[in-house]
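Note sheet for the following structure.
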Amino acid sequence: MFDGVAERYDLTNTVLAFGRDRGWRRATRAALGLRPGERVLDVGAGTGVSTDELGRSGAFAVGADLSVGMLRAGRRVRPDVPLLAGDALRLPFPDATFDAVTISFALRNVVDTAAALREFGRVTRPGGRLVVCEFSTPTNRAFRTVYMQYLMRSLPVVARGVSSNPDAYVYLAESIRAWPDQAELAGRIAEAGPWDRVGWRNMTGGVVALHRATRR
């Protein structure tokens with residue numbers, strides 16, 4: 001499915017997010033607190049647009065994704081960004097390789113959330129950071145109702161105009177609606193194993209939430 005949306009993936013995301021995706025990427029970079037010389041892994045990197053943003057910190061940023069089609073599309077437009085094929089449940093790195101790990105808008109696509117969070121911990125050094133940027137639950141009830149209507153009715157229609165595989169965005173809408181809210185995801189991160197000091201902050205009224213944790 002992700003191979004099928006790869007060619008126009010970045011454009012489609014920007015259109016569907018009304019351009020807010022750029023700010024979400026910048027906020028993710030800031031939340032990681034990256035410093036020059038550190039190493040950060042971007043899981044579910046897709047075309048590498050998020051990996052490229054992380055590299056602006058001066059840290060060495062590596063992107064990994066299961067979809068070879070997404071990686072291929074990304075390498076054409078970002079040839080200098082390190083991108084490699086990798087499964088979030090079996091990352092191809094030794095223990096404690098990275099100072100920080102992040103995943104943006106991809107954790108809900110992993111078949112086993114807890115196992116992925118444990119695997120992220122395996123490749124992160126003690127004291128390292130995790131930031132999960134993911135769609136979440138708007139905090140205002142009226143806005144939440146409008147947002148859910150947009151997801152289920154309007155988003156697939158808009159996707160038909162810009163995406164190379166608009167049917168995939170029906171799945172996108174359904175996966176967002178089924179995803180846990182901010183507090184529940186924080187609990188899952190804390191229960192997964194090696195993470196503590198778990199917290200989050202909302203962006204765009206809770207449409208997106210940044211969850212941050214520290215490796216024990």
Would one find more than 12 heavy atoms of other residues, nucleotides or ligands at under 6.0 Å from atom CZ of Arg197?
no
Roughly how far apart are Thr28 OG1 and Glu134 CD, rounded to 0.5 Å?
10.5 Å
Ion pair Arg188/Glu191, N-O distance below 4.0 Å:
no
Can you name the closest pair of heavy atoms from Pro79 and Arg76 and give their distance?
CD-O, 4.2 Å
To the nearest 0.5 Å, tell me how far Arg122 CZ sits from Glu119 CD.
4.0 Å
Considering residues at least two apart in sequence or located in another chain, which fulfil the side-chain hydrogen bond (donor to acceptor under 3.5 Å, both in side chains) criterion with Trp200?
none
Run the salt-bridge test on Asp99 and Arg129 with the 4.0 Å N-O cut-off and return the result as yes or no.
no
Report yes if the side chains of Leu41 and Phe120 come closer than 4.5 Å at any heavy-atom pair, otherwise no.
no
Quick one: does any side-chain atom of Arg39 pair with a main-chain N or O of Phe60 as donor and acceptor, under 3.5 Å?
no
Hydrophobic cluster identity match, Leu71 and Leu66, side-chain contacts under 4.5 Å:
no
Applying the 4.5 Å side-chain criterion to the ILVMFWY set and letting contacts propagate, would Leu32 and Val49 be lumped into a single cluster?
no
With a 3.5 Å cut-off and no angle check, do the side chains of Asn109 and Tyr171 form a donor-acceptor pair?
yes
Could you state whether Tyr147 and Phe105 fall into the same hydrophobic cluster, counting links through intermediate Ile, Leu, Val, Met, Phe, Trp or Tyr residues with side-chain heavy atoms under 4.5 angstrom apart?
yes
With rounding to the nearest 0.5 Å, note down the distance linking CG in Asp52 to CZ in Arg78.
6.0 Å
How far apart are the closest heavy atoms of Ala6 and Ala73, and which atoms are they?
O-CB, 3.9 Å
State plainly whether one hydrophobic cluster holds both Leu84 and Leu91, where clusters connect Ile, Leu, Val, Met, Phe, Trp and Tyr through side-chain heavy atoms under 4.5 angstrom apart.
yes
Heavy-atom closest pair (Ala209 atom, Asn202 atom, distance to 0.1 Å) is CB-OD1, 4.0 Å
For the hydrophobic clusters of this structure (ILVMFWY residues joined by side-chain heavy atoms under 4.5 Å, transitively), does one cluster hold both Leu54 and Met203?
yes
Can you tell whether the side chains of Glu38 and Arg35 come within less than 4.0 Å, N to carboxylate O?
yes
Taking the side chain from Asp112 and the backbone from Ala115, do they hold a donor-acceptor pair closer than 3.5 Å?
yes
Classify the ring geometry between Phe135 and Trp24 as parallel (under 30°), tilted (30 to 60°) or perpendicular (over 60°).
perpendicular
Do the non-hydrogen side-chain atoms of Val123 and Val101 ever get within less than 4.5 Å of each other?
yes
Does the Arg125 side chain pair with the main chain of Ala96, one donor and one acceptor, at a distance under 3.5 Å?
no
For the atom pair CZ (Arg177) and CE (Met148), what is the distance rounded to the nearest 0.5 Å?
8.0 Å
Tell me the closest heavy-atom pair linking Ala116 and Leu107, and the distance in Å.
CB-CD1, 4.2 Å
Do Ser67 side-chain atoms and Met70 backbone N/O form a donor-acceptor pair below 3.5 Å?
yes
Within this structure, what is the SG-CD1 distance for the pair Cys133 and Ile103, rounded to the nearest 0.5 Å?
10.5 Å
Residues Ala192 and Ala114: closest non-hydrogen pair is CB-O, 4.0 Å
Of the options Thr214, Thr124, Leu117, Thr102, which is the one that meets Leu130 in a side chain to side chain contact (heavy atoms under 4.5 Å, CB included)?
Leu117
Nearest 0.5 Å, please: how far is OG in Ser50 from CZ in Arg29?
12.5 Å
Give a yes or no answer on whether the side chain of His211 reaches the backbone of Ile189 with a donor-acceptor pair at less than 3.5 Å.
no
Would you say Arg215's side chain and Gly121's backbone share a donor-acceptor pair under 3.5 angstrom?
yes
Would Thr137 and Asp181 count as a side-chain hydrogen bond (donor to acceptor under 3.5 Å, both in side chains) if you check the C-alpha gap in whole Å, the side-chain angles of each, and the deciding distance to 0.1 Å?
CA-CA 5 Å; Thr137 303; Asp181 65 14; 5.2 Å; no
Any side-chain to backbone donor/acceptor pair from Asp42 onto Thr51? Under 3.5 Å, distance only.
yes
Tightest non-hydrogen contact, residues Leu210 and Ala31, listed as CD1-CB, 4.1 Å
Parallel, tilted or perpendicular: ring planes of Phe98 versus Phe93, cut at 30 and 60 degrees:
perpendicular
Would the number of heavy atoms belonging to other residues, nucleotides or ligands and lying under 6.0 Å from CZ of Arg75 be above 12?
yes
For Ser175, give me all partners under side-chain hydrogen bond (donor to acceptor under 3.5 Å, both in side chains), at least two apart in sequence or on another chain.
Arg108
